[in-house]
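One structure below.
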2 protein chains.
Amino acid sequence: MFEPATLKDIAIALGLSTSTVSRALRDTYEISPKTKKLVLEYAEKINYRPNPIAQSLKERRTKSIGVIVSEVANQYFSQAINGIESIAYDKGYHVIITQTHESYEREMINTQHLASRGVDGLLISLSAETKDTGHLSALHDKGLPIVFFDRIAEEIHTHKISANNEKGAFEATEHLIRAGYKKIAHLSSSAHLSISIERLRGYTKALNQYGIALNPDYIKNCPHGGMFQEETESAVLELLNLKEKPDAIFVAGDRLSMGCLTVFKSLNVDALNDMAIAGFSNSDMLDLLKYPLTSVRQPAFEMGQIATTMLLQLIESKRPVTEFENKVLDTKLFLR
Amino acid sequence: MFEPATLKDIAIALGLSTSTVSRALRDTYEISPKTKKLVLEYAEKINYRPNPIAQSLKERRTKSIGVIVSEVANQYFSQAINGIESIAYDKGYHVIITQTHESYEREMINTQHLASRGVDGLLISLSAETKDTGHLSALHDKGLPIVFFDRIAEEIHTHKISANNEKGAFEATEHLIRAGYKKIAHLSSSAHLSISIERLRGYTKALNQYGIALNPDYIKNCPHGGMFQEETESAVLELLNLKEKPDAIFVAGDRLSMGCLTVFKSLNVDALNDMAIAGFSNSDMLDLLKYPLTSVRQPAFEMGQIATTMLLQLIESKRPVTEFENKVLDTKLFLR
DNA sequence: CTGAAAGCGCTAACAC
DNA sequence: GTGTTAGCGCTTTCAG
């Protein structure tokens with residue numbers, strides 16, 4: 001097996017002590033130039049790398065951050081992850097990605113796992129099932145830095161970054177209204193998620209502003225964010241079977257938007273022609289779709305970058321941070 | 001900061017030695033039932049978790065595996081990752097995902113990073129740029145278990161799992177031929193990748209078998225697997241500008257298939273009607289596309305599972321493994 | 001300027 | 001059955 005060189009190997013080879021070698025390799029300001037040179041050259045020659053596990057044990061940090069998302073197959077999240085990596089790697093941090101698949105239980109397991117593996121901080125977007133955030137506040141109270149992105153926990157006092165969901169939802173709904181639709185339904189993820197609440201608010205606001213009455217039957221939630229297609233399917237069918245059938249749907253999520261189109265596809269095409277859709281999506285393929293989908297796009301990459309910058313700031317701060325930011329970024333509407 | 005309980009804390013609280021506590025918590029067969037019970041209950045009560053960093057340092061293993069893929073946004077890879085996780089988590093292993101974005105340099109950096117962080121093994125699908133696999137064979141020679149999936153390095157002697165690319169390519173090409181197309185081009189990732197070689201072989205074989213001459217001008221490679229849209233665009237334009245314009249394209253990759261459609265979209269629609277496409281893709285959205293794309297789908301989830309099973313077998317094997325498997329799974333053709 | 005020694009949390013001979 | 005001790009690889013007082 002794979003036995004990398006250690007400090008001790010260098011020390012023995014050079015007739016020095018491990019502490020001298022250790023200092024020569026990093027510290028410097030009290031080591032003679034000649035030993036330093038000697039050590040550095042030898043280390044270079046044998047391609048020495050300090051054992052990060054030993055360093056972690058000693059220094060009580062792992063130079064790694066944990067990320068918890070619903071699923072990497074979701075375009076929004078894969079773009080956010082790219083943003084996260086771009087910052088983290090620059091600063092010498094490793095990124096450990098985990099997926100909840102919208103399950104509360106998985107979220108708890110992943111959280112535990114990451115915490116016990118000693119990540120220095122956590123970047124999380126809550127699962128659709130998550131109502132209770134006790135698993136997170138427990139860790140947060142013990143001092144683990146956490147930053148929320150996209151799907152926020154209001155009750156935990158830390159940095160947060162999200163899209164302007166209300167405004168984005170407003171604009172999408174407004175677009176439908178201006179296009180002449182009056183019976184606009186709303187298909188959303190689980191009702192308690194921050195993004196669902198905000199998007200619902202934007203939808204409601206747009207209806208109000210244009211003098212359209214809110215019809216409670218028009219609002220459908222998918223408790224698993226459409227992770228199971230049956231969920232989306234039955235929600236859409238319920239809408240289609242209403243006596244007063246809606247003529248448009250504002251969909252509050254990437255996976256739901258696709259799920260919704262899939263349901264439409266499986267039905268007759270007529271159902272489509274008089275049913276417009278606008279929805280949140282970060283997919284790059286929307287222009288290639290058979291059905292025009294007006295989309296609200298979040299600045300995912302940038303959100304990932306900002307979340308990571310915030311987290312590293314918490315991690316590397318000398319004194320406890322007490323002022324927290326709640327950053328909100330604008331979405332962009334793409335008409336189709 | 002976050003200071004979890006240690007063995008010592010338990011030992012002091014219970015008036016035992018750390019070794020007794022350590023044994024009580026795990027070993028057992030020589031600890032008296034009563035102390036065992038005492039320790040277990042107390043540990044449970046204070047919610048004790050062993051420090052994995054210390055365990056790793058001691059036991060020279062981290063119970064984590066590294067994964068290197070091009071990008072998680074690629075459906076094939078996100079599905080494979082789900083397969084990987086499903087096995088790894090079951091066996092108590094943590095999964096660290098990294099992306100190369102098809103860059104050789106990133107691949108080397110990620111490999112180094114994962115190795116130095118002490119992953120117990122590596123699951124890798126080569127980047128499009130990678131020609132030299134010295135960075136991997138160096139680690140492999142030192143004893144790091146590595147399993148290749150999808151994009152294989154022939155020269156490294158270890159377990160490998162891939163799709164039957166040749167057969168998949170053959171079937172897709174054959175489908176185009178039977179549909180009446182005769183001037184079939186081939187758009188592929190970088191020429192040296194195992195998947196490119198195999199898919200080219202399948203394409204060639206189908207042409208041969210149906211008595212169609214191979215036209216070298218019809219074969220275009222994208223050295224970055226279409227990671228940059230310009231690359232795909234210029235390749236497709238070159239095909240379209242040939243005096244003897246092809247009437248169909250067989251595309252050898254997920255990203256390339258989408259890139260190709262995007263180029264088509266940006267051109268006039270007529271270019272589409274007389275240009276059929278068949279290609280490798282694991283996207284779930286193909287049925288929703290404006291353009292019918294006959295697709296070759298790989299059993300991504302299963303491949304991830306098998307690769308992980310193989311890797312864990314290498315990692316946990318008592319004696320050095322010398323017999324290696326080269327598993328090949330069938331693809332599935334979806335006509336559109 | 002350099003070395004000896006302690007210790008991070010855990011496991012495993014080796015006593016007794 | 002349980003305690004003592006050493007040691008994984010590294011950093012960091014504390015002495016010289």
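Within every chain, numbering begins at 1; the chains are lettered A, B, ... in the order of the sequence lines, protein sequences first and strands thereafter.
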Is the distance from OP1 or OP2 of [N] to the nearest side-chain N or O of [X] less than 4.0 Å?
X: B:Ser22; N: C:dT11; value: yes
X: B:Tyr29; N: D:dT2; value: no
X: B:Gln55; N: C:dG9; value: no
X: B:Tyr48; N: C:dC10; value: yes
X: A:Ser19; N: C:dG3; value: no

- Walking DNA chain D from its 5' end, the first of A:Leu57 and B:Thr35 to be reached, judged by nearest nucleotide, is B:Thr35
- Message: Taking the nucleotide of DNA chain D with the nearest heavy atom to each, does B:Thr18 or B:Glu59 sit closer to the 5' end?
- Response: B:Thr18
- Message: Tell me if the side-chain of B:Arg23 makes a donor-acceptor pair with the base of D:dG3, cut-off 3.5 Å, by modelled atom types.
- Response: yes
- Please evaluate the base of C:dG9 for a donor-acceptor partner in the side chain of A:Arg60 within a cut-off of under 3.5 Å? no
With a 4.0 Å cut-off on heavy atoms, is [X] in touch with a base, just the backbone sugar-phosphate, or nothing at all?
X: A:Thr6; value: sugar-phosphate
X: B:Ser56; value: nothing
X: B:Ser32; value: sugar-phosphate
X: B:Leu16; value: sugar-phosphate

- Query: Any side-chain heavy atom of B:Ile152 sitting closer than 4.5 Å to one from B:Ile195?
  - Reply: no
- Task: Check B:Leu329, B:Val328, B:Asp150 against B:Ser162 for a side chain to side chain contact (heavy atoms under 4.5 Å, CB included) and give me the one that passes.
- Result: B:Val328
- Message: Using a strict threshold of under 4.0 Å (side-chain N to carboxylate O), is an ion pair present between A:Glu302 and A:Lys327?
- Response: no
- Query: Does the ring centre of B:Phe148 sit less than 6.0 Å away from the ring centre of B:His159?
  - Reply: no
- Task: May I have the distance from A:Lys63 (atom NZ) to D:dT11 (atom P), rounded to whole angstrom?
- Result: 13 Å
